[in-house]
Amino acid sequence: CEIISQMSVEVYLPMHRVRKNVKGKTTRVREPLLPNILFVHCDEAQAKELVNSHPQLSLFLRFYYNHLKTNADGKNPPLIIDEATMLSFIRITGAENNHIKVVNTLRCHFKSGDMVRVTQGTFASVEGRIIRVSGQQRVVVEIDGLCAVATAYILNAFIEIL
């Protein structure tokens with residue numbers, strides 16, 4: 001959107017490829033991985049200005065609130081993601097890999113709960129927890145209150161414990 005680009009803030013919209021039937025043909029199309037979620041990298045004042053001061057954006061641009069926390073007045077604060085977690089999230093969701101999954105951590109089998117870093121390959125530098133999903137060892141990055149994404153299969157030799 002032109003207004004967002006004029007404010008000189010970074011935005012990230014994670015996309016993935018899915019098979020869809022378009023005009024009678026099955027084709028692969030790109031669509032948002034997390035519908036209705038746009039990640040914005042800016043300070044709190046810029047975020048408030050972006051959400052509150054543009055009438056044409058106010059119809060569809062809102063904060064995503066952290067439903068796991070409350071602030072002093074008893075309300076949920078906007079979700080803020082630390083930079084290391086966001087960089088790992090971008091590294092995973094930005095990879096063109098069909099084996100990346102949005103996962104429910106309640107259904108994941110954490111091997112140890114240890115935090116790890118991927119040292120080689122497509123997901124090098126991703127930090128998260130080691131899990132088993134679909135019978136495969138993966139690294140999951142969690143954004144509390146929103147989602148978790150899992151890498152494709154990772155070899156033991158490509159993982160170091162933090």
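Here the straight-line distance linking atom CG of Asn52 with atom CZ of Arg62 works out to 8.5 Å at 0.5 Å rounding. To the nearest 0.5 Å, the span separating NZ on Lys20 from CZ on Arg30 amounts to 13.5 Å.
Between Ala157 and Thr119, the closest heavy-atom pair is O-OG1, 4.0 Å. Val126 and Arg91 get closest at one heavy-atom pair: CG2-CG, 3.3 Å. Residues Ala95 and Phe123 share a closest heavy-atom pair of CB-CE2, 3.8 Å. Here the closest heavy-atom approach between residue Arg132 and residue Gly135 is recorded as NH2-O, 3.0 Å. Taking each heavy atom of Arg138 and His99 in turn, the nearest pair found is NH1-O, 2.6 Å. Residues Cys42 and Ala47 share a closest heavy-atom pair of SG-N, 3.6 Å.
Using bins of under 30°, 30° to 60° and over 60° for the plane-to-plane angle, the ring pair Tyr12/Phe39 lands in the tilted bin.
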- request: Would you check, one step at a time, whether the test side-chain contact (heavy atoms from CB on, under 4.5 Å) holds for Leu162 with Asp114?
  value: CA-CA 8 Å; Leu162 298 177; Asp114 289 336; over 6 Å; no
Verdict with supporting geometry, Tyr64 and Ile81, side-chain contact (heavy atoms from CB on, under 4.5 Å): CA-CA 11 Å; Tyr64 186 89; Ile81 304 163; over 6 Å; no
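Looking only at distances, no side-chain donor or acceptor of Arg17 sits under 3.5 Å from a matching main-chain atom of Asn98. Between the Glu142 side chain and the Ala148 main chain, no donor and acceptor come within less than 3.5 Å of each other. At least one donor-acceptor pair under 3.5 Å links the side chain of Asn76 to the backbone N or O of Lys69.
Residues Leu68 and Phe63 do not share a hydrophobic cluster, clusters being chains of Ile/Leu/Val/Met/Phe/Trp/Tyr side chains in contact below 4.5 Å. Under a hydrophobic clustering in which Ile, Leu, Val, Met, Phe, Trp and Tyr are joined whenever their side-chain heavy atoms come within less than 4.5 Å, directly or via other members, Val11 and Leu87 fall into different clusters. Residue Val18 is not grouped with residue Ile92 when hydrophobic side chains (ILVMFWY) are merged at heavy-atom distances under 4.5 angstrom, including chains of intermediate members. Hydrophobic clustering of Ile, Leu, Val, Met, Phe, Trp and Tyr side chains at less than 4.5 Å, counting indirect connections, unites Val149 with Tyr153.
Residues Leu79 and Ile143 meet the side-chain proximity criterion, which asks for heavy atoms closer than 4.5 Å. The shortest distance between side-chain heavy atoms of Leu33 and Val102 falls below 4.5 Å. The shortest side-chain heavy-atom distance between Gln137 and Ile159 falls under the 4.5 Å cut-off. For the pair Val139 and Ile130, the minimum side-chain heavy-atom distance is below 4.5 Å. With a 4.5 Å cut-off on side-chain heavy atoms, Met15 and Pro32 count as touching.
Within a 6.0 Å sphere centred on CD of Glu160, other residues, nucleotides and ligands contribute more than 12 heavy atoms.
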